[in-house]
Amino acid sequence: VQLQASGGGVVQAGGSLRLSCAASGRTFSRNVMGWFRQAPGKEREFVAAISWSGSISYYADSVKGRFTISRDNAKNTLLLQMSSLKPEDTAVYYCAADGNPGRQYLESHYSRLGLYDYWGQGTQVTVSS
């Protein structure tokens with residue numbers, strides 16, 4: 001089972017990037033998936049998460065209104081569209097998936113690292129000022 005994140009790069013403040021996470025080895029079409037990020041010297045933090053159906057999504061306050069999470073279950077792919085990027089968005093971005101197909105969670109659980117059983121290798125996003 002593998003989650004492969006891609007799409008990172010260097011962008012100027014105010015710019016946009018789209019991250020992709022391709023899953024292989026099994027389908028995650030009925031699993032909660034999310035994005036986290038980790039800046040140098042800081043803990044890994046929640047960015048956004050989406051229910052398995054794609055009908056419910058949650059965002060960290062710091063990215064709300066600027067980032068959009070989506071998924072294409074037919075392609076086993078998770079996306080993160082990032083706009084109006086700021087230097088403080090600079091981090092390694094990780095995609096993740098929980099290991100319990102179809103399970104329902106409380107909203108507060110979506111941001112917890114412990115909910116996720118599968119993690120991608122990360123993709124670097126650097127926003128210059």
Side-chain angles (χ1 to χ4, degrees):
V1 177
Q2 187 176 17
L3 296 176
Q4 183 75 35
S6 62
V10 179
V11 63
Q12 288 189 330
S16 299
L17 280 175
R18 189 175 84 156
L19 305 184
S20 296
C21 176
S24 60
R26 59 163 286 179
T27 178
F28 288 99
S29 62
R30 297 191 71 239
N31 298 74
V32 170
M33 298 190 76
W35 289 97
F36 289 76
R37 66 187 182 186
Q38 188 166 17
K42 295 187 177 181
E43 295 184 350
R44 191 169 299 190
E45 65 175 7
F46 171 72
V47 175
I50 190 167
S51 63
W52 64 266
S53 67
S55 62
I56 303 172
S57 56
Y58 301 103
Y59 298 91
D61 288 342
S62 59
V63 307
K64 204 170 291 184
R66 301 187 297 121
F67 291 11
T68 301
I69 188 171
S70 61
R71 65 191 298 163
D72 185 338
N73 285 340
K75 297 181 179 179
N76 223 15
T77 299
L78 178 71
L79 302 171
L80 184 69
Q81 178 66 47
M82 306 186 295
S83 303
S84 302
L85 283 161
K86 305 175 181 180
E88 51 263 44
D89 294 319
T90 295
V92 177
Y93 283 71
Y94 298 89
C95 57
D98 94 298
N100 300 287
R103 179 173 288 185
Q104 303 289 330
Y105 298 100
L106 297 175
E107 177 179 348
S108 61
H109 291 183
Y110 279 71
S111 61
R112 298 180 181 179
L113 273 73
L115 184 147
Y116 300 89
D117 301 288
Y118 302 97
W119 291 85
Q121 86 292 354
T123 185
Q124 176 71 47
V125 171
T126 302
V127 184
S128 61
S129 57

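What's counted below: heavy atoms across the whole structure, side chains too, no hydrogens, waters or symmetry copies. For reference, positions follow the sequence shown, starting with 1.
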Participant: What salt bridge (Lys or Arg N to Asp or Glu O under 4.0 Å) pairs are there with at least one residue in residues 79-104, not counting sequence neighbours?
Facilitator: R37-D89, R66-D89
Participant: Kindly state each residue pair satisfying ring-ring contact (aromatic ring centres under 6.0 Å, His included) with at least one member in residues 68-89, sequence neighbours excluded.
Facilitator: none
Participant: Which hydrophobic side chains are connected to W52, either touching it within the sub-4.5 Å cutoff or through other members that do?
Facilitator: none
Participant: Quick check: closest heavy atoms across A97 and L3, and the distance to 0.1 Å?
Facilitator: N-CD1, 3.9 Å
Participant: Could you grab the distance from atom CG of L78 to atom CD of Q4, nearest 0.5 Å is fine?
Facilitator: 13.5 Å
Participant: I'd like to know whether Q12 forms a side chain to side chain contact (heavy atoms under 4.5 Å, CB included) with L85, so could you lay out the CA-CA distance, the side-chain angles of the two residues, the decisive distance to 0.1 Å, and finally the verdict.
Facilitator: CA-CA 8 Å; Q12 288 189 330; L85 283 161; over 6 Å; no
Participant: Hey, could you give me the CE/CD1 distance between M33 and I50, rounded to the nearest 0.5 Å?
Facilitator: 9.5 Å
Participant: My understanding is that only residues two or more places apart in sequence, or in another chain, count here; which of them pass ring pair (Phe, Tyr, Trp, His ring centres under 6.0 Å) with Y116?
Facilitator: F36
Participant: Would you call L113 and W119 a side-chain contact if the rule is heavy atoms closer than 4.5 Å?
Facilitator: yes
Participant: Would you list the pairs meeting disulfide bond (SG atoms under 2.5 Å apart) in which at least one residue belongs to residues 56-85, sequence neighbours left out?
Facilitator: none
Participant: So which atom in Y94 and which in G120 form the shortest heavy-atom distance, rounded to 0.1 Å?
Facilitator: CD2-O, 3.5 Å
Participant: Give the cluster check for V63 versus V11: same hydrophobic cluster or not, with ILVMFWY residues linked at side-chain heavy-atom distances below 4.5 Å.
Facilitator: yes
Participant: Sorted by first residue and then second, give each disulfide bond (SG atoms under 2.5 Å apart) pair with at least one member in residues 98-129; sequence neighbours left out.
Facilitator: none
Participant: Quick one: which residue pairs count as a ring-ring contact (aromatic ring centres under 6.0 Å, His included) with a foot in residues 57-76, not counting sequence neighbours?
Facilitator: Y58-Y110
Participant: For V125, which residues count as a side chain to side chain contact (heavy atoms under 4.5 Å, CB included) partner, sequence neighbours excluded?
Facilitator: L17, L19, M82, Y93, V127
Participant: What's the shortest heavy-atom distance between A48 and L80, and which atoms?
Facilitator: CB-CD1, 4.3 Å
Participant: So how far is it from N100 CG to D117 CG, rounded to the nearest 0.5 Å?
Facilitator: 6.0 Å
Participant: Where do S129 and P87 come nearest, in terms of heavy atoms and distance?
Facilitator: CB-CG, 3.9 Å
Participant: Treating R71 as the side-chain partner and S51 as the backbone partner, does any N or O pair qualify as donor plus acceptor under 3.5 Å?
Facilitator: yes
Participant: Without placing hydrogens or testing angles, list every side-chain donor-acceptor pair under 3.5 Å for residues 22-30, not counting sequence neighbours.
Facilitator:
| from | atom 1 | to | atom 2 | distance (Å) |
| --- | --- | --- | --- | --- |
| R26 | NH1 | Y118 | OH | 3.3 |
| R26 | NH2 | N31 | OD1 | 3.3 |
| T27 | OG1 | S29 | N | 3.2 |
| T27 | OG1 | S29 | OG | 3.2 |

Participant: With a 3.5 Å distance limit and no angle check, can you tell me whether Q121 reaches the backbone of A5 through a side-chain donor-acceptor pair?
Facilitator: yes
Participant: Taking disulfide bond (SG atoms under 2.5 Å apart) as the cut-off, I'd like each qualifying pair that reaches into residues 53-129, sequence neighbours left out, listed once.
Facilitator: C21-C95
Participant: Show every side-chain hydrogen bond (donor to acceptor under 3.5 Å, both in side chains) that has at least one partner inside residues 76-85, sequence neighbours left out.
Facilitator: none
Participant: For K42, what residues pass the salt bridge (Lys or Arg N to Asp or Glu O under 4.0 Å) criterion, not counting sequence neighbours?
Facilitator: none
